Each structure stands twice: as C-alpha cells, then as structure tokens.
Amino acid sequence: QGKQVQLNLAIVGHVDSGKSTLSGRLLHLLGRISNKEMHKYEKEAKEKGKGSFTYAWAMDESSEERERGVTMTVAVAYFDSKKYRVVLLDSPGHKDFVPNMISGAAQADAAVLVVDASVGSFEAGMEGSGFGQTREHAQLIRSFGVEQLIVAINKMDLVAYKKERFDFIKTQLGSFLRSCGFKESYVTWIPLSAMANQNLVTAASDARLSSWYRGLCLLDVIDSLQPPLRDVSKPLRLPICDVTKLHTLGMVAVSGKLEAGVVQIGSKVLVMPSGEFASVRSIERDSSACSTVRAGDNVAVSLHGIDPIHLIPGGVLCHPDFPVAVAARLELKILVLDIKMPIIIGSPVEFHIHHVKEAARVVKIVSVVDQKTGKVSKGAPRVLKSKQNAIVEVELDGAVCVEEFTKCKALGRAFLRSAGNTIAVGIITRIFEQNA
Ligand code: GDP
C-alpha cells in the first residue's frame, strides 16, 4: 500500500441522479464500508422510511466519520483500484451541494458525471430553468481544466437496460459535451445501475445489459484513465490548508497536498507570501511518519526556525530558489454560472483560490470566448451574462499566492462568489506580478 498513485475523482451530476448511491456502493463493494456498517445504515434508513436511500445514507454518515480533516479539505472517502488510490471528492450527500461540488471539482483530476437515465429525469437535467444541472456541472468541470470524463448513465434498471435509451442519451449529451470543449477520446460512456449493482466493479450480470454492452465496468474504466501529472521534478509547491502549533517549543505543523516537487526531512523551504525560510523537522503522510514525500501526497510537515505568524492557510511552501507568484491583479478565463445580476466592470466579488479567499473587483472584461474553440467571439463587452465564457481581469484587495493554470493546476484554479453564490469558475491565464 501507499505506492499507488492518487487520483482525485469528482462525482458530479443532477440532484437525485444517484451520486451518493454510486459512491456508497463503490465504497461498500471495495471493502471501505463493512457489511456490519452497511446493515446499520440499512436499518436506520428503513426506520426513517428511506430504505431506498441506504447507500446514500452510508455516504452521509461515513463522510463525517471519515473527515478527519488533517490533510484533506474536501475528500471524504477513498478506495483502491488496481492502479489508483481513488479519492472521491465532494460530499454528495448534501443537497445544497453547489459550493461543495465546486471546491471538490477544483481539486479533480478527472470526473464522473452521473446521469439519471429514466425518462423525464435525463431531460430535466438537460433543460430546466437555468442550465439544467447536468449541463452546468459538465461545463463547470471543463472550465476548471478537467479533461477526462466518465459519463455514468445510471438507473438503467428503470429503462429495462435498453440500448436505445443509452444511445439516445449519449447522442444528446455527447454533442453538448463537445460544445463544452471535451475531446471525444477523453470521454467514456458507461451504462449502469448503482442500485441494482450492474457494471460497477464487475461486468453486468443482468442479461438485458450484458447482451449488448461489451465495454468495461466502472472500476476498470477508472483504471483506464490517464494518471494525473504529478510533477516531482518541478519546484516545490505545498499550499497550506491548515496550521497547527505543536507542543514542542518553536515547532509548528502545516498540512495540505503537495502539488509539485519533493520534501525531505531537513529540507529548507521558503514560506510565501511572507518570504521567510524554515526547515523541515518531520513529515507525515496519511498519518504515518516518513522521510520523503512527493507531488500528489497529502502531508503534514512540521517546521522549525520560523515564527508561526508567518504561516497562514493560503500560504505556500516553496523551493527556496523558486517562489510562487504573489499577486493582486490576475487575468482569468471564466465560465459565468447562472446569475441574476450580470457581471459588469466594477462588480465586487469574493475571489477563492486553493485555501484562501480575498475581496476583489472585476476591473476589465477582455473578451467573450467560445468554449469549444477557445476563439474570441466578442471583444470588450460591457457586461457578462449567465453561461458565457470570458477572459476577465480581477483586482484583489490583498495579494495572494497563485500560479498560471498551465504551470500548476491547483494554484491556478479559481472561482468567484457574490452574495453567497458562486457566480463564475475558471483558471488563471496571466499574472500581473507585484514589483518586489
Ligand atoms: P444524489 O442526490 O445524486 O446523491 O442521489 P442519491 O444517491 O441520493 O439517489 C437518489 C434516489 O435515486 C434514491 O432514492 C436512490 O435510491 C435512487 N437511485 C440511485 N441509483 C439508482 C439506480 O441505479 N436505480 C434506481 N432505480 N434508483 C436509483
């Protein structure tokens, strides 16, 4: 154990499409939730008159238990496939899930888009007021630069596992996904039933499905994903999620996910944005001590030789010779979500990136772009409306640690909020660095 590559998988899709059921099922089938626990959830769910929600229930319950909070912010559960340690992002049990879903999606290497195949439900996910959540989530995931997508066409039991229904959904949603900029070769379609356990971790047993579907089951599709690039050869980047003062005098621990490079006991690190140096005293990975950690690992690192006031969530541990950028003006490529008020120049927003948020304003709308081709379709518009893709510039009240998305995904994915709603998501395309 421990040698496996970590794959952060976001489970997204319309409310009630079966995200929790699917996640709960996978965790149970792969031994992460015991039969005993499962029976307990079953009993509780039945008592509450929610028998059909057993697996979803398990997800809700275990998410709290699993959330030890030391090294991960959003991850609630994981299982091991042949190739990966698959971390399921987001807390699918929550109905008010858009913000959760976004913070989960911001860490995703790949995503499973769960679609309810039953007649009417798929259609509702595609239409509805606003975007239709299926469409909205697909666009959102793509706007965060996620390229690999598994479309889990769920509840096939409700449509008698009919190939025609699967093909219909694939055609409809497929053309939409292409218009979002997903490449066909990076999208895998799979018919399944989370409830009836068809096509999850083994080939379907129901002849109505196995008679025509010859592809991989979900677990094997996950294994067929391209491994995420974890650049150990790039300079160290450890965005700080949490800071804990230790009892030992002069020691302080920081935790987060190592996004690039390597850390060893004895390493000298540069702490940004303060510009102070510190030395690594000890390292924990998945709660056990070790001497070296590398990109992709969730770690806690204890430091000495630094005043704890210089360590804040949102800071970044860097290679001493390669500090991360600290900037207050940024260019972003965004997708505008469903908004009531258009975004205009001067619109106040709350800027969120890795483990930090900062008050900001939109100071320039550079252009509107076509999500599929990336081409500018309208130069310098005055307002931005729902569903538009655009290049904008934002000015932050205070500088934050950032990097261009193409250099470091985790430090280059951001979202904008206003009055309690997420209004746009996107990536950093340009940094206006502050003069040192
Ligand atoms: P979520 O909101 O996307 O997390 O959806 P849930 O997992 O809570 O599921 C919503 C409802 O759909 C629950 O009543 C589930 O039991 C049901 N459900 C989920 N998957 C399936 C499936 O494959 N077949 C059928 N028939 N029902 C399902």
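Both ligands and their constituent atoms are indexed starting at 1 by order of listing. In this text the structure is predicted, and so the values were computed from the model without any measurement.
- Heavy atoms from both the backbone and the side chain of T21 come within less than 4.0 Å of ligand 1.
- Note: an N/O pair closer than 3.5 Å links M195 and ligand 1 by distance alone.
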Report the C-alpha separation of D116 and K155 in whole Å, then their side-chain angles, then the decisive distance to 0.1 Å, and conclude whether the salt bridge (Lys or Arg N to Asp or Glu O under 4.0 Å) test is met.
CA-CA 6 Å; D116 182 341; K155 307 199 190 180; 3.1 Å; yes

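- Ionic pairing of K82 and D220 is present here: one or more N-O contacts between side-chain nitrogen and carboxylate oxygen are shorter than 4.0 angstrom.
- Applying side chain to side chain contact (heavy atoms under 4.5 Å, CB included) to V392 and the options T429, V368, I334 leaves one that passes, I334.
- Annotation for ligand 1: atoms under 4.0 Å from non-hydrogen atoms of K19 are 1 (P), 2 (O), 3 (O), 4 (O), 5 (O), 7 (O).
- Counting heavy atoms of neighbouring residues, nucleotides and ligands inside a 6.0 Å radius, atom NZ of K83 exceeds 12 of them.
- Under the 4.0 angstrom criterion for non-hydrogen atoms, H14 is in contact with ligand 1.
- Using a 4.0 Å cut-off between charged nitrogen and carboxylate oxygen, K333 and E404 do not count as a salt-bridge pair.
- If you check the side chains of S377 and D370, you find no donor sitting under 3.5 Å from an acceptor.
- Here D16 has heavy atoms under 4.0 Å from ligand 1 in both its backbone and its side chain.
- At a 4.0 Å heavy-atom cut-off, ligand 1 does not touch M156 at all.
- Between E403 and the options K409, R237, R413, R430, a salt bridge (charged side-chain N to carboxylate O under 4.0 Å, His left out) holds for only R237.
- Here's the thing with A194: one of its N/O atoms is less than 3.5 angstrom from an N/O atom of ligand 1.
- Atoms of ligand 1 lying under 4.0 Å from at least one heavy atom of L158, given by number and element, are 26 (N).
- At a 4.0 Å cut-off, at least one heavy atom of S17 sits close enough to ligand 1 to count as contact.
- Of the N or O atoms in V15, none lie within a sub-3.5 Å distance of an N or O in ligand 1.
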Could you go through the salt bridge (Lys or Arg N to Asp or Glu O under 4.0 Å) check for R329 and E358 one step at a time?
CA-CA 12 Å; R329 188 179 175 116; E358 188 67 45; over 6 Å; no

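- Close approach of ligand 1 to S193 is summarised as follows: ligand atoms under 4.0 Å from at least one heavy atom of the residue are 22 (C), 23 (O), 24 (N).
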